[in-house]
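Along the sequence shown, residues are numbered consecutively beginning with 1.
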Amino acid sequence: MNVHRNRWLSALLFTGLGLFAWLLLAGYTNQSAGTKAILGTCWSALFLIVLFNALGFLTLRIAEWLNTQYLLHARRKWKVVLACTAVLGMFFLVDYGFLVSGKLLVGARHPFAFPHGGLRILIVVWLVEIAVLGLLLANRAMAQTLALRQRAAELQRENNTARYTALQKQLNPHFLFNSLNTLIAEIEYDPAGAVSFTRRLSDVYRYVLQVQDRPLVTLDEELRFADAYLYLHRVRLGDCLGCRYDIADKERERRLPPLTLQLLIENVIKHNAITASHPLEITIRTDGDSLVVSNPVRPKRRAESGGVGLHNLSNRCRIILGREIEVTHTEESFTVKIPMSHE
């Protein structure tokens, strides 16, 4: 409903701009009687209204494109400047072309000249159009920012309901800190991406709350959670962290301890150097009654001490499934084999 209402309001605004331009350009630019007769017809007004609506909605689309593509063009600001200049030029050409067309139709000797203050009227009309359009775009940007902040606040309220001990055990505190910093950057530079990021972050914490008291979850639930969790890290790190799945559909109903994949993915990110020049791919596959997660080894210079998470996971598997995890660590790869249940 809001989308349709905004479109109608924008159409009314562009229609008003078209009528405003028609009234001033047709009546106050000191044209000849023949030119005024042509420019003052209802058909001329209708033509200008249609043209302003088409140009106005095109401007809104360009503004949306700039918002979604800002990060890509942040280092090439000339593209943003070029787009803005093109919009300003199109509005001026519409006004100027309207007057020139009227003079051409009556065969005026100097169709491109506007003496007796005509050029000043033309510039004033153009400046008013730009001011109104700027206010419209600013209002839309503010509304979008407020909506994104409300979503972020809702997410924060949802996260605050989680018990501190559960979050401390299940998610690295740095993850929440990095995620919120990334969200702030996304809200500022890529509002559309911020919406997607907020939804994924909400999915991650909702899953933590839902499974913290469950001994086992399906592999399908874990894989969907892993997609959301990896997405958050890709936004922060870039497309240098990949994941390849080799799992049959019939295997997705097998069960394993919750947040197993979160622990293993976090372990990979914590201990390996991942950059655009040295991307890393995690492989997740099944092997009989086990889930196998492996990755190439690219140790950081200052590797953090670990092993507590894997030890806890091994204990959980031993207590619930009767089998411990198997860890294989070589110079080239790191592999963890997790037992799964059919029940």
message = Quick one, T283 and S294 - any side-chain contact, counting heavy atoms below 4.5 Å?
response = yes
remark   = The ring pair (Phe, Tyr, Trp, His ring centres under 6.0 Å) partners of F334 (sequence neighbours excluded) come to H329
query = Could you give the distance from CG (D246) to OG1 (T286), rounded to the nearest 0.5 Å?
reply = 6.5 Å
query = Applying the side-chain contact (heavy atoms from CB on, under 4.5 Å) test to P257, which of I325, L263, L321, V211 qualifies?
reply = L321
ask   = So, T59 side chain and L55 main chain: donor-acceptor pair closer than 3.5 Å or not?
value = yes
message = Under a 3.5 Å distance rule, please check whether E222 uses its side chain to pair with a backbone N or O of T260 as donor and acceptor.
response = yes
query = V50, L48: one ILVMFWY side-chain cluster at the under-4.5 Å cut-off?
reply = no
key: N-O pairing of D220 and R252 below 4.0 Å   = yes
task = Mark yes or no for whether E332, through its side chain, and P296, through its backbone, hold a donor-acceptor pair below 3.5 Å.
result = no
task = Considering only Ile, Leu, Val, Met, Phe, Trp and Tyr, and joining two whenever side-chain heavy atoms are under 4.5 Å apart, list the other residues clustered with L12.
result = none
query = Is it true that D203 and R206 make a salt bridge, defined as a side-chain N closer than 4.0 Å to a carboxylate O?
reply = yes
ask   = Would you say the side chain of W126 lies within less than 4.5 Å of the side chain of V94, judging by non-hydrogen atoms?
value = no
request  = Could you check whether the rings of F197 and Y231 sit parallel, tilted or perpendicular, using 30° and 60° as the cut-offs?
outcome  = tilted
request  = Using ring pair (Phe, Tyr, Trp, His ring centres under 6.0 Å) as the criterion, list what pairs up with F57, not counting sequence neighbours.
outcome  = F14
ask   = Under a 4.5 Å cut-off applied to non-hydrogen side-chain atoms, are D227 and Y245 in contact?
value = yes
message = If I compare all heavy atoms of S44 with all of T41, which pair ends up nearest, and what's the gap?
response = OG-OG1, 3.0 Å
inquiry  = Taking A248's backbone N and O only, do any of them form a donor-acceptor pair with E251's side chain (distance below 3.5 Å, no angle check)?
reply    = no
ask   = Quick one: are R234 and R200 in side-chain contact, heavy atoms under 4.5 Å?
value = no
Within-4.5 Å side-chain heavy-atom neighbours: D289 and R323 = yes
query = Is there a side-chain contact between V293 and N295 (heavy atoms, below 4.5 Å)?
reply = no
Plane angle bin for H233 and Y229 - parallel if under 30°, tilted between 30 and 60°, otherwise perpendicular = perpendicular
